Every structure is written in C-alpha cells, then in structure tokens.
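Below is one structure; the comments refer to it alone.
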2 protein chains.
Amino acid sequence: MARGADLAKLAALLADETRAEFCLALLDGRAWTGRELARHAGVAPSTTTEHLNRLVAGGLLTERRQGRHRYVQLAGPHTAELLEHLIGHIQPGPGRPRTLRSAATSAALARGRTCYDHLAGRLGVAITDAMLGNGLLDHAAELALTSTGRTWLTTALGVDPADLRPGRRPLTRACLDWTERRSHLAGLSGAHICRRLHENEWIKRIGTSRAVRLTPAGEQALHRLLGLESLNDDQ
Amino acid sequence: MARGADLAKLAALLADETRAEFCLALLDGRAWTGRELARHAGVAPSTTTEHLNRLVAGGLLTERRQGRHRYVQLAGPHTAELLEHLIGHIQPGPGRPRTLRSAATSAALARGRTCYDHLAGRLGVAITDAMLGNGLLDHAAELALTSTGRTWLTTALGVDPADLRPGRRPLTRACLDWTERRSHLAGLSGAHICRRLHENEWIKRIGTSRAVRLTPAGEQALHRLLGLESLNDDQ
DNA sequence: GTGTCGGTTCGGCGTGCGCCGAACCGACGA
DNA sequence: TCGTCGGTTCGGCGCACGCCGAACCGACAC
C-alpha cells in the first residue's frame, strides 16, 4: 500500500514553518498573491514560488493566474477543515502568548474570526447558541437546520433558497473551535451566514487578518434577529 | 502568535515515512512494543527509539514501560481522528495498488477494519446503515443514538449502561470512511459495539493487521440483530 | 519605446535530520 | 551467576531541503 509514504508526503507539506504560515494566512478564505504571502512570512519571492509550487502540486492550494499576478487560495472547505483540525491538536504550550501585540491579536481572534468561509471564535459560538435557543438549529446529534431555521435564513437573512439545495457540501456541519472548545455552525449554512453578515456590513475584517469586528449595525441586527446582547464589550 | 511554527512542528511529526508508518500501524488501537514497530517499518532499534521519543514528546503517542518492554499507543481517539482525517486527504494516486499482495490487503481493509477503536470499512458502514434503518440511530444532522438505540445497545449487545454515560467523549460521532466515502458510527457507542463484537467473537482480526473478518457466528448474529445479509461474499 | 513590478529559474550555501553500528544498561530466564 | 534480549545513548555519515541572490521573463503604465 505504501500508505506511510503518502501520509508523510502530505504532512511534509505543512511541516515547514513558512508553508504553514502561508496556509494559516489563507485560512481567511481569500486569494492571496505571491508577493503578499512573501511579505507576510518574511521570505524572498523566489522562496515563495518554490513553496507555492509544492503546495499546489500537493493539492492543498489552487492557483489562478491573472495578468502578472499569481493568486492562490485553499483548495476548498475540506482543506480548511483539515487545517483547523490540526490547529486543534496543537497542545497549549506554556508561556504563550509572549508579546503584547500577539496577545492583542489572539484576543481579537478569540473574539471573532472567519474560519475559511464561516464564523468562529466567541462570535461564531454565540450565533450558533442563539440559533439553537431560537429553534433554528436542532441539537439532536450535532447541528441540523430546522424548517424554521431554513425560512429564517431565506427571509430574515435574505439567503437565496436555491443556494440551500443540498449539493456536494453538507448543509450544516459542526466545527470545533480551538479557542472556545465549543462547536459552532459550519457547512453551507455557516458560509451563507458569514457572507450575508459581510454584505450587510454587520461584521468587518480587522485590518487584513482573519479577525472580524461586530459593527454597531451588526450588534443591533443580531439583537433583533437572534436576541443577542453585547458581544463586544465583555473582555 | 508564532502559530505557524507550532503547526509545522506538529506536521513534522508525521512528515517522516517511518514515523507515519508507525502511526498507521498504531491505528489498530493496540499497544505495540518498539521491537515490533522496528521490524514493521524495517529500521534499526536505535532509530525506532529516536522516533518514538519524538512522537511521545509531541503528544501523539503515550508510552507504558513494563519490564524491559516499552509499549506505545496512540494518545487517544482524538489522535486517531486526526490521522483518519489526514488519510482521507491523500489524493488517490495513479497506479495504486501495485502488487497482488497489496491489492489483497487493500480489499480486506475495505471490507472491514478497525479505526482505532470502532469499526470502519464496508462492515462499519453496513452496521451504521442498518442501525439507521432500524431506528437505533437518528440521521437528523449526523448520527445520534435514539432511545431505542440505547436500549438495544444494553440489551441486545450487552453493553453496561454505566458505560454509556456522557463523559468527555461524545456518545456518537460520525467518522468519514476513506474507502467508502461514507459516514459510519464512531464515538463511545462505536467503540462499545466494536468491543462487544470482538468479545463475542463475531469478528476476528486478520493476522495482526487492522483488517477484520466476520465469523459465521457473527454473520448470524448481525442478521438476527440488525437484519444484515451476506457481507462477506460480495466482492 | 522604456521603466517598473510580480513572478520564475538556477546555482550554491548551510544545516537539520534520518539512518546506522557500536557500546552500554537493565530485566528476565536458565 | 551468566547469557539473552529489548531498549538506549552516542558518534558519525550523507542526503534532502529551505534559503538567498542574480539573472531573466512577461505584463502593465507612461
């Protein structure tokens, strides 16, 4: 079978700090250019090219050439899942976070962030909990969309019903959050919620990171739609 | 945050073919001695020691010293999950399986195998499907044990009710099978089912591998308890 | 056209690490 | 008590690979 070699080859893609940093950056779900990744990780452009070649060849990333730019992004939700799974396995090392700046970043990430294409962090968990409390999700085993939840998505949030047809991707999925150690909504529904919140400007990216901030309008909207209270001020 | 470095360090543990082979062998859920792993992977004992030190230090394996033996096993179900997740991401390479012997092994693994502590492969999927069909599991979102299912486990299968109390480990979990591309039952219930089937000698390991074979008694029992028909003869 | 800029190719450097064999230690059995 | 055996430590070898700079290519702007 030679499975060991295959597994090792896959793991080797992420076993380099620079490549790992690339993948973590790409967890925001957007497409980055080579330059951006190079600056982000602090390596030369030539080095970046080599790494990207390996990641694309290994199937973790897809690329799109456009003019003189090379855009790369995660190959899909399954790749993002794999990464979050791995991150969840990193044992909480001692003495981290170290610097003030990194502590601030960690706090922002913990408060709310995107996990490829859905919401995670305290914000993601809070929304999931509220949807459960309002009967929009069913907690039978993991997370299932109720019929009330389906109409809520289309009417209250304005998701196109055609976008909720079951396809290759499951309608709901429970994603375990590594900061909260709690499940939150992922899958197609999670992605649509995240998209609509962005489109309504109820959440905004903090700088260019994965961390997101709830806008005042968003706070009102989530209060109105889900009964959520004060997410930004606690801690 | 230096998360990239942490992720890389974790991935590096599996980025070596020998260590990967160790972990795959340990996916059978049993404890192996250093000697056994050395022979299995075809490396010197000294090399094995170094690899095991790294894997234990990295938290993927736990060890138990007993006399002059060093037993190692996977750190827990979460580690097994991570490995199966990674295996599921290995793209189906061309031209595999290559040899007759490896083809036979693959077929046996596809037919039925243990996935750390529960059943997978065609057998695992068939049992899960039968449990769903008989109302022992609920398909709402993923897999949930119904009340009928709970009594079935304790009466028909003889699982101690005290063992079904929710603890740190979820009662049910859906594990995606990489041969069948289908969900099957994992979690506490899955582990108990696998254990009871072994204890009743309804399944038996093939040699020392993870592959399992349904015994004639097992075939009768699964027919009686779940209405399952002829799993061994097809293909 | 010319300059700038993103990306690639190539050669070369340093080192991290996977491997082994030899020596050693400690547990067990005769 | 002495051999055997599982496991460990240590020194050393060699390869793989991550990195860079220099040269080059193609796209875009002026």
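Computed from a prediction, not measured in an experiment: that's the story for all the values here. Chain identifiers are assigned alphabetically (A, B, ...) following the order of the sequence lines, protein sequences preceding nucleic acid strands; residue numbering begins at 1 within each chain.
Taking side-chain N and O atoms only, B:Arg19 has a distance below 4.0 Å to OP1 or OP2 of C:dG18. The shortest distance between the side-chain N/O atoms of B:Thr47 and the OP1/OP2 oxygens of C:dC19 is not below 4.0 Å. Here B:Thr48 does not reach the OP1 or OP2 of D:dG7: none of its side-chain N or O atoms lies under 4.0 Å away. For D:dG21, neither phosphate oxygen OP1 nor OP2 lies less than 4.0 angstrom from any side-chain nitrogen or oxygen of A:Ser46. Taking 4.0 angstrom as the limit, B:Arg54 places a side-chain polar atom (N or O) nearer than this to OP1 or OP2 of C:dG18. Side-chain N/O atoms of A:Arg68 include none lying less than 4.0 angstrom from OP1 or OP2 on D:dC25.
Remark: C1' of D:dG18 and CG of A:Asn53 are 14 Å apart, rounded to the nearest angstrom. Separating the CZ atom of B:Arg39 from the C1' atom of D:dC5 is a distance of 12 Å, rounded to the nearest angstrom. If you take NE2 of B:His51 and P of D:dT8, they are 13 Å apart, rounded to a whole angstrom. The distance between atom CZ of B:Phe22 and atom P of D:dG7, rounded to the nearest whole Å, is 11 Å. When the C1' atom of D:dA16 is taken as reference, atom NZ of A:Lys9 falls 14 Å away, rounded to whole Å. Straight-line distance from the CZ atom of A:Arg35 to the P atom of D:dA27: 17 Å, rounded to whole Å. Rounded to whole Å, the distance from NE2 on A:His69 to P on C:dT4 is 17 Å. Remark: P of D:dA27 and CZ of A:Arg70 are 16 Å apart, rounded to the nearest angstrom.
The residues A:Arg39 and A:Glu36 are annotated as not salt-bridged, no charged nitrogen and carboxylate oxygen being separated by less than 4.0 angstrom. Salt bridge status for B:Glu21 with B:Arg19: absent, with no side-chain N to carboxylate O gap under 4.0 Å.
Taking every heavy atom of both residues into account, A:Gly4 and B:Leu24 meet most closely at N-CD1, 3.6 Å.
Remark: the B:Thr33 side chain and the D:dG6 base include no donor-acceptor N/O pair separated by less than 3.5 Å.
Relative ring orientation between A:His85 and B:His85 is described as tilted, the plane-to-plane angle lying within the 30° to 60° band.
In this structure, the side chains of B:Leu10 and A:His89 come closer than 4.5 Å at one or more pairs of heavy atoms.
Among the nucleotides D:dC20, D:dC10, D:dT8, the one closest to any side-chain atom of B:Glu50 is D:dC10.
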